[in-house]
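None of these values were measured; they are calculated from a predicted model. Just so you know, ligand 1 is whichever comes first in the structure, and atom 1 is the first atom listed for that ligand.
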Amino acid sequence: MAKINDNFIKIPATYLFSEIAKRVENYKAANPQADIIRMGIGDVTRPLPKAAVEALKAAADKQLTSATFRGYGPEQGYDFLRETIVKNDYEPLGIKLDTDEVFVSDGAKSDTGNIGDILSRDNIIAVTDPVYPVYVDTNVMAGRGGNLAADGKWSNIQYLPCLPENGFEPQLPKGKIDVVYLCYPNNPTGTTLTTAQLKKWVDYALENDVLILFDAAYKAFITESDVPHSIYEIDGAKECAIEFCSFSKTAGFTGTRCGYTVVPKELKATAENGEKIALNRLWNRRQTTKFNGTAYVIQRAAEAVYSPEGKRQVQESIDYYMNNARIIKNGLETAGYKVFGAVNAPYIWLKTPAGMKSWEFFDYLLTEKNIVGTPGVGFGPSGEGFLRLTAFGSTENTLRAVERLKK
Ligand code: MLT
């Protein structure tokens with residue numbers, strides 16, 4: 001009989017957001033009249049930018065004639081999109097990239113999960129805590145987790161607590177690590193690192209031969225000037241970091257699926273025989289084998305996000321969500337809650353009142369206020385006693401939710 005990957009029975013049976021969806025569904029089934037406001041998973045509610053939809057439709061029409069029809073595309077993405085990304089997302093920051101350092105994909109979730117394919121099972125992984133659960137779960141699946149202890153930590157993973165006490169700035173690891181995941185602006189806390197704070201990590205990674213996996217999915221929401229939009233704004237980062245980006249939150253592509261990952265050619269890691277190998281080559285090999293590229297029509301839609309109208313429409317949605325974030329932050333602060341984030345990210349991280357546990361507060365909000373949040377402990381042990389709300393709803397629902405929370 002076939003044997004399973006036993007790591008799958010070590011991890012909790014359900015992914016965080018699937019567990020929440022199940023609980024909400026059950027509640028809804030028992031309480032069909034409940035007027036539920038969803039502020040749990042960070043899913044957008046505004047429609048796609050018109051420019052993207054028009055480009056998608058035009059690309060779909062091209063599939064009707066053999067002269068313009070596209071079959072398999074390049075696994076790494078079409079040059080038209082890779083070039084557009086380099087020109088718009090990196091050149092204005094003074095960052096030079098070749099197009100073959102950019103790999104278009106179906107999103108940052110897949111890429112941050114899949115990147116482990118090119119890394120040894122023996123690597124010691126560090127994560128900020130709380131953290132986007134994909135980083136931990138995928139490492140556990142690959143056998144890098146060890147065992148889950150009673151404190152909610154995996155024995156082989158280093159947790160770097162991010163709490164109000166340290167200003168949500170992860171401290172550099174004490175022991176030896178090989179790989180660290182950093183997500184800034186941060187999911188779930190909504191906080192971020194300044195350029196100087198991120199530089200400490202780049203310097204540390206260069207000195208200690210550590211690979212940084214930098215998730216920049218929320219960079220479009222940055223409002224403050226000393227917050228980097230790319231880790232490559234920092235000298236030396238190309239030698240120690242992979243950067244993951246997404247159109248999901250920026251341009252409403254959560255259902256449309258498109259993202260990209262930058263693997264600089266100077267970035268190397270060590271083979272078992274001690275040889276230094278370029279990760280760009282390995283990721284290219286992985287993608288060409290396991291991925292057939294993002295659909296042509298979707299890549300055309302993503303390209304249109306960078307047109308002048310596309311940029312304007314994207315900015316409108318970002319402003320809309322960040323206005324929601326302000327409404328939540330101000331409303332909750334007025335009501336006496338301790339609130340973090342919401343300035344450079346569409347997430348609000350709040351301390352649960354009266355010492356409630358995260359899941360207890362989640363249940364209370366669901367049943368008493370008909371509001372869905374995400375329990376902080378679902379993101380890691382340091383998230384206990386916190387809850388995350390998203391600003392991705394309609395402003396009308398955001399205002400209604402704040403009124404309910406104030407009562
Ligand atoms: C979240 O709510 O943390 C995100 O929407 C999940 C994701 O992007 O996969």
Side-chain angles (χ1 to χ4, degrees), residues 11-12 14-24 36-46 48 105-116 127-139 141 162 168 181-192 213-221 243-261 294 302 317-318 321-322 324-325 328 340-342 344-350 358-359 362 365-366 371-380 382-383 386-393 397-398 401:
I11 47 175
T14 328
Y15 179 57
L16 174 64
F17 292 106
S18 315
E19 174 65 30
I20 291 168
K22 200 172 71 191
R23 290 190 188 209
V24 175
I36 294 176
I37 302 178
R38 292 170 196 269
M39 303 169 91
I41 191 163
D43 195 5
V44 293
T45 54
R46 293 200 20 113
L48 286 175
S105 72
D106 66 344
K109 179 181 184 178
S110 327
D111 282 3
T112 53
N114 292 332
I115 197 73
V127 293
T128 57
D129 175 25
V131 73
Y132 181 39
V134 169
Y135 315 151
V136 170
D137 287 6
T138 55
N139 276 292
M141 288 171 182
C162 295
F168 295 95
Y181 289 80
L182 298 177
C183 171
Y184 290 100
N186 186 252
N187 177 17
T189 64
T191 60
T192 197
L213 299 176
F214 190 75
D215 187 345
Y218 299 92
K219 64 182 176 181
F221 296 88
E243 180 162 284
F244 302 90
C245 301
S246 169
F247 293 97
S248 287
K249 318 294 156 99
T250 311
F253 275 50
T254 49
T256 307
R257 307 307 309 149
C258 195
Y260 65 87
T261 290
T294 305
S317 285
I318 287 171
Y321 294 134
M322 288 312 284
N324 287 349
I328 302 170
F340 307 92
N344 295 296
Y347 292 127
I348 295 90
W349 188 244
L350 64 112
S358 295
W359 278 109
F362 167 88
L365 288 187
L366 178 61
I371 292 172
V372 182
T374 307
V377 73
F379 296 101
S382 294
F386 292 88
L387 181 122
R388 192 193 75 176
L389 294 175
T390 89
F392 284 123
N397 276 346
T398 302

Part of F379 with heavy atoms under 4.0 Å of ligand 1, whether side chain, backbone, both or neither: neither
Any donor-acceptor N/O pair, R388 side chain to L350 backbone, under 3.5 Å: no
Any N/O of [X] closer than 3.5 Å to an N/O of ligand 1?
X	value
G42	yes
K249	yes
Y15	no

With heavy atoms of [X] as the reference, note each atom of ligand 1 found under 4.0 Å away.
X	answer
N187	1 (C), 3 (O)
F17	1 (C), 2 (O), 3 (O)
I41	2 (O), 5 (O)

Under the salt bridge (charged side-chain N to carboxylate O under 4.0 Å, His left out) test, residues paired with K109 that sit two or more places apart: none
Residue and atom name of the nearest protein heavy atom (relative to atom 9 (O) of ligand 1), distance in Å to one decimal: Y132 OH, 2.5 Å
CG-CG distance between L213 and D111, expressed to the nearest 0.5 angstrom: 11.0 Å
N187 CG to W349 CH2 distance, which is reported to the nearest 0.5 Å: 9.0 Å
Within the 6.0 Å centroid threshold, strictly below: Y132 and Y181: no
Set of residues satisfying side chain to side chain donor-acceptor pair (under 3.5 Å) with respect to Y321, sequence neighbours excluded: none
